[in-house]
Amino acid sequence: MNDVTNSKLKKLKQYAFDKDSTLKFIEFLMQKTEVIAPQNKGQASYSYEIVKDAKDVVLDYPRTIQPLKKFFLPPVEDLLAFDLNANTYQEEKIEAKDKIFFGIHNYELEGIKRLDYSFKKGNPESNYLTRREKSMFIGISYEPDSYHFSESVGIPADKIDGFCLFFDKISNKSDYMVFVVDENGQKLIDSFGKVNEVKSKAEITAKKFQNKVKLHYNRIPQVFDHVYKSKVWDKVAERCVGCGTCNLLCATCYCFDVRDEIEINAKDGKRTRFWDGCMLNTFAEVAGGENFREKLNQRTRHRLYRKFKYITDHSGELHCIGCGRCSKYCPADISIVEIINSLIDDYTTQQKKN
Amino acid sequence: MSKPKVAFFDFTGCEGCQLNKLNFENELLDLLELVDIVEFREAMDDKAEEYDIAFIEGSISSPSCVERIHDIRRRSKILVALGQCAVSGGINAIKNLHPMDEVQETVYGKDKYLFPSIPAQPVSAIVKVDYEVRGCPMSAPEYLHVFKSLVLGRKPEVIDHSVCVECKLRENECVLDKGMFCLGPITRGGCGAICPTNGQYCIGCRGPVSNINKNGAVEMLKKHGFSVNEALKRMKMFSANELDKKIEWGR
Amino acid sequence: METLNVEKKNLYNPVISEILKVESLTATEKRFEIALPKSAMLNHKPGQFVEVSIFGFGEAPISICSSPTRTPTFELTVRKTGRLTDKMHELKAGNALGIRGPFGNGFDIEKFKGKDILYVAGGIGLAPLKSLIDYTIDKRNDFKRIIILYGTKNPAEILFPKEIEEWKKRSDIEFYITVDRPDDKWKGNVGVITTLIPPLELDVENTIVSVVGPPIMYKFVIMSLKGKRIPDENIYLSLERRMKCGVGKCGHCQINGSYVCQEGPVYHYPRCKELEEAI
């Protein structure tokens, strides 16, 4: 594991990029391989897309609608194609393809690391892991908006391990200090060749997060040991409409549903999986009709426990990366940070009583 | 194996769902390959005694409709409610929010006694409905799915998640964020989020998801700047029967 | 970053298998005998399940009702309750279906050895338990008493009548049955399954109890067992959830932090007490 701490940061090679060299660098990458980067989507939204023209890449963006997981766990994915009459099937061929993800926020890569854990654990899944191979990530700094809270879940602005290069914006004119994080990054810089190394060693610019969890992230799982029966779940459930947006857009959620569909020729068909979510009404329903998490308070609790307790107990890491998507896109304006802070209040009150 | 006998019947509705079926230019001939269509007023006029699958369009809103639907049910192995009028009463059910007498007078004036009318009811309020195709007009992909499934002898999938799910799968920009009124978060999916995908807001034409948090939905719409009245009015447009339990059936 | 270099495989490919025999047990339940291709063994433990798939009709988790001690084939008892199981009921000997598995954790048989074994089965819960019942019968000398309690709603729903006749005949098996709603011909016990527990004379410290039934049943059976002072450590339950993928990924079967398809469906009761959503 290549863990880059702040003291190590200073030892990293650094290069100065301006707007023009950044654009040229993207074009250079595109000649080598497929490049995926943030682009405009609709009027005021963003999405990660395969780059066709380097000018389409947007470097200043708060977050994309879907997280990066869509490239490794597609929203809709055929698992196999079958022949109904012959009872035979072909599995979907997935190939590992070289690709570079450019302009990725650090929490986004942390989300991928969490998913790597989930898909490797127990039964390593080839669909995800094969797509995930041969991916390189080039990071970029961002200005936290009122929804980001990555720092509160242990992902400060200078956490850059896992990237090969990291672009830290140092001026309003789109000038960047580029940190070479690993040898792959150095190779890219060397073969690009158009930029100069900077000798004076800078640090990655610190960022101010407006959105904050009240307790240190190390203590959040401990809070979750004591708030299972909290009234907070009921309060949130009064406002939640169970639309599932928080699950679907979550960078670390990976639950899915599988459905078969038959072609109109009544012979061919496909087995397909879809992103699914534990906030949806029928998620925990069994064939007999029993629904094991019928109520919205139970479902909200399950969602949060999956982020801060259930998987964390095994992986040792929080499975929330503070991207703020669940809150930004919640039609009922439910904020995950508010939920956590209310739970912390509840926990603190309990501790005082004891 | 003989082909299943399929029939289509229309009750109170605009017949838009029926016409919509003829619009499947790519699939229509293949669909016809799979079945014998024995009753379809818009396209032919044969009649049969018994049906393997009967598709019902429109709500039940007159005394004669009640008798007719009982008769069809007796002669059908599988009965499918087609489109929102048949599934929930649909737009027709708006009249249920007003006194029946007033409604009749508005429509027929002094001749109202010639046209007996009852509150618009879903087919399922009168007879057992086996499956549903929701939407106004009915959702094409769902219709194809149900049709194919039944002909192949399988239970169709029943979608009971929000339109948001399908909207997020397509990574659409959220129309609520664009300041539009959208009922997607509380409306049943299965339509592929076709309206938001095309830049329109969801008008809730497929009815609410089951186990809906009604108060939460009103609060949600208030947060986006819509009044309670506006919110309720829009929510009831296609779902008056489902969302307003106070409505008297009038019989 | 951590290596992605792990041994990975396609987890979702079913093995096309053949139905050797179909037997109607009740109006809604059929028993299927299934053979994997090339006479492969399923190598299951009592209590495990497989994912059965029919193309176009999807997949469903079904518990294995035969003991691994018997024949290279295996058996599933299936209630008609959904898209897949409806279709399965139409299939005949010679037809194919897809199998993935076996999945999950079976009964911890080592802990059962040398003990008195008490089975509590409600309704279709007898199917997964039969795998273990047959196992303990086949290795009869490894266990002391075998007591089977079985309850159904009505006499028409009684599964495995042939096996039940044999169990009744054997002097080394104690078999008790009850129905909630008797018909005119019924001469046996009437009442819910918990009515069979109080009259039992048990060496509670040395009795291992396995309970399988509908979700509503567990709470009441546990209460009755506690009334008998059976220690919690001696109780095992098999829980029903929507085990969609069987490999610990899809999330549908999760009870709190536990994937039923991985840790379950058989749970040691003390573990169930840690899982708030379990029963």
Side-chain angles (χ1 to χ4, degrees), chain A residues 1-2 79-80 82-84 87-89 91 109 112-113 116-130 132-133 161-162 228-229 253-262 269 271 273 276-278 283-290 292-293 298 302 305-306 309-311 313-314, chain C residues 1-14 16 18 51 53-61 79-85 95-98 103 123-124 214-216 239-262 276-278:
Chain A
M1 183 127 177
N2 179 11
L79 296 177
L80 42 98
F82 51 78
D83 180 322
L84 216 58
N87 251 315
T88 53
Y89 69 90
E91 66 179 275
L109 183 56
I112 296 301
K113 291 179 194 169
D116 290 349
Y117 174 85
S118 300
F119 279 98
K120 269 180 3 188
K121 186 176 187 278
N123 299 295
E125 194 208 88
S126 64
N127 298 49
Y128 173 92
L129 293 168
T130 306
R132 173 69 180 77
E133 279 170 24
D161 57 295
Y228 192 81
K229 301 211 160 118
C253 273
Y254 57 92
C255 289
F256 57 83
D257 192 16
V258 179
R259 302 203 281 272
D260 281 12
E261 189 56 274
I262 306 168
R271 179 162 294 170
R273 75 166 162 189
D276 202 350
C278 59
F283 186 79
E285 204 173 84
V286 293
E290 184 118 359
F292 290 96
R293 276 188 295 276
Q298 299 168 320
H302 189 72
Y305 268 77
R306 274 186 63 105
K309 181 87 184 94
Y310 296 155
I311 313 179
D313 280 350
H314 300 280
Chain C
M1 273 207 290
E2 273 186 79
T3 176
L4 291 169
N5 207 356
V6 288
E7 199 171 317
K8 58 181 192 251
K9 59 178 185 185
N10 187 312
L11 305 172
Y12 309 113
N13 286 350
I16 306 297
E18 190 191 345
E51 294 285 346
S53 88
I54 302 174
F55 296 132
F57 296 79
E59 269 190 326
R79 175 178 286 177
K80 236 175 116 129
T81 49
R83 187 173 308 111
L84 186 276
T85 51
N95 286 156
L97 41 71
F103 294 128
I124 191 149
I216 180 85
L239 301 180
E240 183 196 9
R241 288 297 186 278
R242 189 177 164 200
M243 287 126 3
K244 190 125 196 168
C245 75
V247 290
K249 302 290 180 222
C250 82
H252 286 270
C253 70
Q254 216 180 5
I255 299 176
N256 299 104
S258 173
Y259 280 89
V260 177
C261 71
Q262 303 295 294
E276 296 267 357
E277 295 175 335

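Quick caveat: nothing in here was measured; it's all calculated off a predicted structure. Within every chain, numbering begins at 1; the chains are lettered A, B, ... in the order of the sequence lines, protein sequences first and strands thereafter.
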Exercise. With only heavy atoms counted, which part of A:T88 is less than 4.5 Å from chain C, the side chain, the backbone, both or neither?
Worked result: backbone
For this session: Drop me the distance from C:R241's CZ to A:F292's CZ, to the nearest 0.5 angstrom.
Result: 4.0 Å
Exercise. If you look at every heavy atom in C:G251 and A:C255, which pair is closest and at what distance?
Worked result: CA-SG, 3.5 Å
Problem set entry | Choice from A:A284, A:C278, A:P124, A:G289 maximising heavy atom contacts with chain C below 4.5 Å | A:P124
Seminar exercise, completed: C:F55 and A:N87 have their tightest heavy-atom pair at CD1-OD1, 3.6 Å
Exercise. Where do C:N13 and A:Y89 come nearest, in terms of heavy atoms and distance?
Worked result: CB-OH, 3.3 Å
Exercise. Is chain C contacted by the side chain of A:D257, its backbone, both, or neither, given a heavy-atom distance below 4.5 Å?
Worked result: both
For this session: Return the option, out of A:K121, A:E133, A:E91, with the maximum number of heavy-atom pairs under 4.5 Å with chain C.
Result: A:E91
Problem set entry | Rounded distance (nearest 0.5 Å) linking atom CZ of A:F283 with atom NZ of C:K244 | 10.0 Å
Exercise. In terms of heavy-atom pairs under 4.5 Å with chain C, which of A:H314, A:R259, A:K229 leads?
Worked result: A:K229
For this session: Could you look at A:K309 and say if it's the side chain, the backbone, both or neither that has a heavy atom under 4.5 Å from chain C?
Result: neither
Exercise. Chain C heavy atoms under 4.5 Å from A:E290: which part of the residue, side chain, backbone, both or neither?
Worked result: side chain
For this session: For the residue pair C:Y12 and A:N127, confirm or rule out a side-chain donor-acceptor distance under 3.5 Å.
Result: no
For this session: Check whether C:P14 gets within reach of chain A through its side chain, its backbone, both or neither, counting any heavy atom under 4.5 Å.
Result: both
Problem set entry | Point-to-point distance, once rounded to the nearest 0.5 Å, from NZ of C:K249 to CZ of A:F256 | 8.5 Å
Exercise. Could you state the interatomic distance from SG (C:C245) to CG (A:L79), rounded to the nearest 0.5 Å?
Worked result: 10.5 Å
Problem set entry | Heavy-atom check, side chain of C:V247 versus side chain of A:E125, under 4.5 Å | no
Exercise. Under a 4.5 Å heavy-atom cutoff, which of A:Y128, A:Y305, A:F119 has the most pairs with chain C?
Worked result: A:F119
Exercise. Any side-chain heavy-atom pair from C:R83 and A:D260 closer than 4.5 angstrom?
Worked result: no
For this session: Heavy-atom pairs under 4.5 Å with chain C are the metric here; pick the option from A:R271, A:Q298, A:R293, A:R306 that has the most.
Result: A:R271
For this session: To the nearest 0.5 Å, tell me how far A:Y310 OH sits from C:Q254 CD.
Result: 7.0 Å
Problem set entry | Residue selection (most heavy-atom pairs with chain A, distance under 4.5 Å) from C:C253, C:P215, C:G248 | C:P215
Exercise. Of the backbone (N, CA, C, O) and the side chain (C-beta and beyond), which part of C:Q262 lies under 4.5 Å from a heavy atom of chain A, both, or neither?
Worked result: side chain
Seminar exercise, completed: Ranking A:I262, A:D313, A:I311 by heavy-atom pairs under 4.5 Å to chain C gives rank one to A:I262
Exercise. Which atoms of C:I216 come close to chain A, meaning under 4.5 Å heavy atom to heavy atom: side chain ones, backbone ones, both, or neither?
Worked result: neither
For this session: Sort out for me which of C:G82, C:G56, C:A96, C:P61 touches chain A most, counting heavy-atom pairs under 4.5 Å.
Result: C:G56
Exercise. Which one, C:L11, C:T81, C:T85, leads in non-hydrogen pairs under 4.5 Å with chain A?
Worked result: C:L11
Exercise. Which pair of heavy atoms, one from A:H302 and one from C:N256, lies closest together, and at what distance?
Worked result: CE1-O, 3.5 Å
